Amino acid sequence: MKSLTVLDLLDLDLKEHNALELKCLAGRKGLVREITVPELNRPGLPLNGFYENFAEQRIQLVGRGEYAFLEKLFKEGTTESVEKLFTYTIPCCIFSHNLQPHKYFLEIAEKSQTPVLISSLTSSEISVRLIRLLSNFFAPQQTVHGVLVEVAGSGVLIQGDSGVGKSETALELIERGHRLVADDAVVIKCISGNNLIGSGTNKVIGHHMEIRGLGIINISHIFGVGAIRDEKQIDFVVQLEEWDSSQIYDRIGSHDTTTDILGVKVPYLKIPVKPGRNIPIIIETAALNERLKQKGQYSAREFNKNIIQWLESENARKVYLENYNNKQDIK
Amino acid sequence: MKQKTTTIKNRAGIHARPAALIVQTASQFESNIYLEKDSEKINAKSIMGIITLGASYKTDIIVSAEGSDEEEAVEAIAALFEKKFEEE
């Protein structure tokens, strides 16, 4: 299990709409405390003295309401519930709206070595950003062997045995204006239960490819920054296979096959490889066809529907002619 | 050269699924296999060819094959027609 400390939370270099804008006010010694659940708690009830079912493992978020209540407690001098809060090992306490905690609050926090953080964001905004960050961090993940490319806007995970030509296929796709997300090892995260996001294992070594005969090449240097992407949702999986004449390959494509990744069903195509078959173009076409399917247009099914209609009308014509001829004979 | 005349026995005729079944079966044989309707003769290993025959219910089809395993090939294809392409 990966772990995320409060210090990591402060150190994260997040951009614009993801930034948490956190500062630490007290309890620096406690910055090593770990966050173990992707959830937040608003400590209204505990501050009022009700500690049953208290979610102590969660980050405690103090907004305007809780702040006003704290101010009232400090004014009246009834601070037992606040002191009790710090007897629990909560990961940290975050104040939103840049609300400055009471001096005494910081003192108790310091004593119990609980980090107190402050952010300029509103409570709802910081909750959204924190939950997003934590659920990304705690999302189930899996590393698979394959190449992830974005083809015509769809995320295509190309898999297959070593030497079947995954990287070469991806290279040609990139050359044709599509984008590389990750080569060889793809980290897949399952976000919000049904969204599979693939990325490279490591940003530093990302967007390099190994091509037999060339060695390791840097895609973003050769093809430009437009040829790469950091992460992409996986829309379907292509399995490349050496052509095996004893195997039956799909000739119609009216049945959808799927494969399971982290419990999510993903459309799956098995494409046989043999000399003379241009795999990149096939994958490109598959990506476009898959987009049509998502829009509700199934080429194969509509084709078959038209065929059946045509055969029916032929049949009706035949029956009509037969009846007509029979009547003529009777006369 | 081996030949056999069959009739289409399933109501829907030869649409995409039966066509795929014919192609799969035909591909297992070495011989060149043909389907003939009226004066049209097409390769039984070509899926689009079979579909464009427009073979509806009760149409007569001549199955023919030429090659080392022509006998078995014709029998196998004709058997599919008899089984109504595993439909109905």
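We name chains A, B, ... by the order of the sequence lines, and we start the count at 1 in each one. Computed from a predicted structure; not experimentally measured.
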| task | With a 4.5 angstrom heavy-atom cut-off, could you sort out which part of A55(B) is near chain A: side chain, backbone, both or neither? | result | backbone
| query | Between atom CD of E312(A) and atom OH of Y57(B), what is the distance when rounded to the nearest 0.5 Å? | reply | 13.0 Å
| Distance-only donor-acceptor check, side chains D260(A) and T258(A), under 3.5 Å | no
| request: Please determine, among G54(B), G13(B), A20(B), the option with the most heavy-atom pairs under 4.5 Å with chain A. | output: G54(B)
| Looking at I307(A), N306(A), N304(A), which has the largest count of heavy-atom pairs under 4.5 Å with chain B? | N304(A)
| message | Tell me if a side-chain donor or acceptor on H208(A) pairs with a main-chain N or O of G206(A) at a distance below 3.5 Å. | response | yes
| said: For I8(B), which atoms come within 4.5 Å of any heavy atom of chain A: side chain, backbone, both, or neither? | reply: neither
| said: Applying salt bridge (Lys or Arg N to Asp or Glu O under 4.0 Å) to R179(A) and E150(A), what does each step give before you reach the verdict? | reply: CA-CA 5 Å; R179(A) 297 187 172 109; E150(A) 183 205 78; 2.9 Å; yes
| Per-residue contact mode, T59(B) against chain A (heavy atom under 4.5 angstrom) | both
| message | Looking only at side-chain N and O atoms, does S31(B) offer a donor or acceptor that is under 3.5 Å from a partner on D69(B)? | response | yes
